[in-house]
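Since the structure comes first, as structure tokens, the remarks are kept for the end.
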Amino acid sequence: RQTKWRKWLAVAAASVVIGISTGAYISPTFAAYMKSFFIRPELDKGLQTAAKEGFSQQTKAAVTDHGITFRIKEVMADTNRLIFTYSLKDKNGKLIDPTILFEKNQLGPERTMYFVKGLDAFYITNEKGEIVSTNTTYKTKTGRMVSQSIDRVFPHGHYADIMFELNDKAREAKQLFIHIDIHQIGTVEGEWKLKIPVNMNKSMMATKTIPIDKTYVTKDGLQVTIKNLVHSPTLTSIELETSWTEKGKERLKSHPEYWLGDQMFYQPLFDIVDSNGNIVATTLPRWNIETSKSTVFVYKEELPSRHPDVVRWRYSFLPFSPKGTYTFVFRGIERTEFPNQSMTFSVDELKKQPVSLRYKGNTLTLHQLRLDKKKQAGILEVEENTYLLMDFKVSDEKQRVYTINKKDFSETPIIRYDENTMMYNIKRNTMLEGMNKTPKQLTVTLTTVIVSYLNENWHVSLPASNE
């Protein structure tokens, strides 16, 4: 999480239909006969159900400059997230592609990321003016660093939804404010600026926090406390705190592979099971489980200096049934490690048989190397047996490090999943850019590996929300 966007004054004057000074009032309820944008089947069940139950709000908030109108049609918010639908129209009333506001990065055949352009900003504040939308910094495929509060963009026809994840400062807010600050739409420069209030009374009344306050210490000295179970209109959240005991801290010092500088990256792994033992929610990256049971949001906050070792977590899932009986099952932790473990071999050796590099249950196997003269690159046949992720670098006998092309989706990897070991087998061709002749020798170095430590089995009963 990074700091909020810097806000700059624009030169062009805007014709504001609903001005920032007066705001744009949103009716607290959505008339029953109106159809909501948020009941679309491509959105998750939490959003659909909340919209059907009347938590979405209409608005006519709009701003026009240079003949282009940015208009917000509908908003829905609870203490976990906020989503709104918007459209763009030109001076003739013709709808414009709403995603023109963003830089688009294709991350795979079915996943597109949207990044704000230039100095544009979209964010959420509470009544105190504190930013409550979580902020993340990304590096786009063009190499641009982008810091934004937007979590997801969902285009649908001539409209698009923008969704924000909210931090703990939204918990007690009776009113939130959507801030829009756009400086260019397509080739047209101008100023489209809005501040739109969102009434939170109904969603706050429907949100129930159930204290748990149960603590467990792992074999490695990690103290885990379940603080609360929170039911809100669109999500159910589990709030945890973790910290290392003195024994755990001493143990960490003897493992340099856990650290990147002075930082360490881990997260708790757990399941939520129903009274029949069926998994209804999980933080484990299981291939064989429905997407609806995985986390929708993970919010992580390291507490201020008075508690330097405490990390607060909020895992949000699609809503549980309020009548159900559930159990929290702590399985262990997942840690990102930096082994810097290398293997050097001759290319002639690789032609005869595969070579493998192993690290804590993860295996990287290299099969063949060939040249692609058209692409001016080497093609390395790679097989990974991994819990989730392995990153590596490749260099030759002259210490030249080759850039691995991660943008080419022309060849789809073959992925298999073992339910018993919860490990992935991934076969793919890795493109090594700039390799125009076959080297005599290669060195492969494991730089990053995600390792799971599933050696715990702590059970805690979760009270039903109607108790």
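We number each residue from 1, following the sequence as shown. What you are looking at is a predicted structure, and each value in this text was computed from that prediction instead of being measured.
- Across all non-hydrogen atoms, the minimal contact from Glu165 to Asp151 is N-CB, 4.1 Å.
- Between Phe297 and Thr134, every side-chain heavy-atom pair lies at or beyond the 4.5 Å cut-off.
- Residues Tyr299 and Asn167 are in side-chain contact: their nearest non-hydrogen atoms beyond the backbone lie under 4.5 Å apart.
- Residues Gln184 and Asp120 have side chains that never bring a donor and an acceptor to within less than 3.5 angstrom of each other.
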- Please lay out, stage by stage, how Lys352 and Glu349 fare under the test salt bridge (charged side-chain N to carboxylate O under 4.0 Å, His left out). CA-CA 5 Å; Lys352 297 175 184 177; Glu349 178 187 349; over 6 Å; no
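- Each of Gln341, Arg335, Lys360 was scored for a side-chain hydrogen bond (donor to acceptor under 3.5 Å, both in side chains) with Glu257, with one residue passing: Lys360.
- Taking the side chain as every heavy atom from C-beta outward, Met145 and Lys139 approach each other to under 4.5 Å.
- With Asp65 contributing its side chain and Glu191 its backbone, the two residues share a donor-acceptor pair below 3.5 Å.
- Looking at every heavy atom in both residues, Glu397 comes nearest to Pro439 through OE1-CB, 3.6 Å.
- Using a 4.0 Å cut-off between charged nitrogen and carboxylate oxygen, Glu103 and Lys117 do not count as a salt-bridge pair.
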- Message: Using salt bridge (charged side-chain N to carboxylate O under 4.0 Å, His left out), reason through Arg312 and Glu241 one step at a time and then give a plain yes or no.
- Response: CA-CA 4 Å; Arg312 182 179 292 158; Glu241 284 186 1; 3.7 Å; yes
- Message: Using the rule given for side chain to side chain contact (heavy atoms under 4.5 Å, CB included), can you reason through Leu454 versus Leu284, listing the C-alpha separation, both sets of side-chain angles and the distance that settles it, and then say yes or no?
- Response: CA-CA 10 Å; Leu454 301 174; Leu284 282 82; 3.9 Å; yes
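- Here Glu246 pairs with Lys249 in a salt bridge; the nearest charged N to carboxylate O distance falls below 4.0 Å.
- When the options Val63, Ile100, Ile96 are evaluated for a side chain to side chain contact (heavy atoms under 4.5 Å, CB included) with Ile68, the one that passes is Ile96.
- Proximity of Arg314 to Val230: side-chain heavy atoms (C-beta onward) are nowhere separated by under 4.5 Å.
- Atom NZ of Lys104 is surrounded by more than 12 heavy atoms from other residues, nucleotides or ligands within 6.0 Å.
- In the displayed structure, Lys247 atom NZ is contacted under 6.0 Å by at most 12 heavy atoms of other residues, nucleotides or ligands.
- Using modelled atom types, one finds no donor on one side chain facing an acceptor on the other under 3.5 Å when comparing Thr85 with Glu74.
- Residues Asp44 and Arg152 are not paired through a salt bridge, judged by the lack of any N-O separation under 4.0 Å between the basic side chain and the carboxylate.
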- Task: Test side chain to side chain contact (heavy atoms under 4.5 Å, CB included) on Phe317 and Thr295 and set out the steps.
- Result: CA-CA 5 Å; Phe317 304 91; Thr295 49; 3.3 Å; yes
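- Neither side chain, Gln267 nor Thr283, offers a donor N or O lying under 3.5 Å from an acceptor on the other.
- Classified by interplanar angle (parallel below 30°, tilted 30° to 60°, perpendicular above 60°), the ring pair His66/Trp192 is tilted.
- By the side-chain hydrogen bond (donor to acceptor under 3.5 Å, both in side chains) test, Ser294 is found to be paired with no residue, residues two or more places apart in sequence or in another chain being considered.
- Side-chain contact between Asn362 and Tyr387 is present, with at least one heavy-atom pair separated by less than 4.5 Å.
- Of the residues listed (Arg428, Arg358, Lys427), the one engaging Glu384 in a salt bridge (charged side-chain N to carboxylate O under 4.0 Å, His left out) is Arg428, and it is the only one.
- Between Asn105 and Lys141 the shortest heavy-atom distance is OD1-N, 2.9 Å.
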- Message: For a side chain to side chain contact (heavy atoms under 4.5 Å, CB included) check, start with the C-alpha distance between Arg81 and Leu47, then their side-chain angles and the critical distance, and finish with the verdict.
- Response: CA-CA 10 Å; Arg81 54 182 171 170; Leu47 293 171; 3.6 Å; yes
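- Here the side chains of Phe37 and Phe154 are not in contact, with every heavy-atom distance at 4.5 Å or above.
- For His156, the NE2 atom is densely surrounded, since the number of other residues' heavy atoms within 6.0 Å is greater than 12.
- A 6.0 Å sphere centred on NZ of Lys219 holds more than 12 heavy atoms belonging to other residues, nucleotides or ligands.
- Remark: the backbone N or O of Lys94 is not paired with any side-chain donor or acceptor of Asn92 at under 3.5 angstrom.
- Checked options Val132, Thr125, Asn126; the residue passing with Lys128 is Asn126 (criterion: side chain to side chain contact (heavy atoms under 4.5 Å, CB included)).
- For Gln441 and Ser346, the side-chain atoms include no donor-acceptor pair closer than 3.5 Å.
- When the options Phe164, Phe122, Phe84, Tyr123 are evaluated for a ring pair (Phe, Tyr, Trp, His ring centres under 6.0 Å) with His179, the one that passes is Tyr123.
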- Message: Using side chain to side chain contact (heavy atoms under 4.5 Å, CB included), reason through Thr234 and Ile83 one step at a time and then give a plain yes or no.
- Response: CA-CA 11 Å; Thr234 74; Ile83 185 170; over 6 Å; no
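- Screening residues 421-448 for ring pair (Phe, Tyr, Trp, His ring centres under 6.0 Å) gives Trp287-Tyr424, Tyr417-Tyr424 as the qualifying pairs, with residues at least two apart or on separate chains.
- Residues Arg40 and Asp161 meet the side-chain proximity criterion, which asks for heavy atoms closer than 4.5 Å.
- Annotation: Arg416, atom CZ; neighbour count of heavy atoms from other residues, nucleotides and ligands within 6.0 Å does not exceed 12.
- A search for ring-ring contact (aromatic ring centres under 6.0 Å, His included) contacts involving His255 returns Tyr258, not counting sequence neighbours.
- Closest of all the heavy-atom pairs between Gln106 and Thr112 is OE1-OG1, 3.0 Å.
- Two residues are said to be in side-chain contact when any heavy atoms from C-beta on lie closer than 4.5 Å; Leu240 and Phe328 meet this criterion.
- Looking at every heavy atom in both residues, Met264 comes nearest to Trp244 through CE-NE1, 3.4 Å.
- You'll find the ring centres of Trp458 and Tyr216 inside the 6.0 Å limit.
- For the pair Trp313 (side chain) and Ile238 (backbone), a donor-acceptor distance under 3.5 Å is absent.
- By the neighbour-count criterion of 12 heavy atoms within 6.0 Å, atom NZ of Lys393 is sparsely surrounded, having that number or fewer from other residues, nucleotides or ligands.
- Closest approach of Val116 to Gln148, counting heavy atoms only: N-OE1, 2.9 Å.
- The backbone N or O of Pro98 lies less than 3.5 Å from a partner atom in the side chain of Tyr86, making a donor-acceptor pair.
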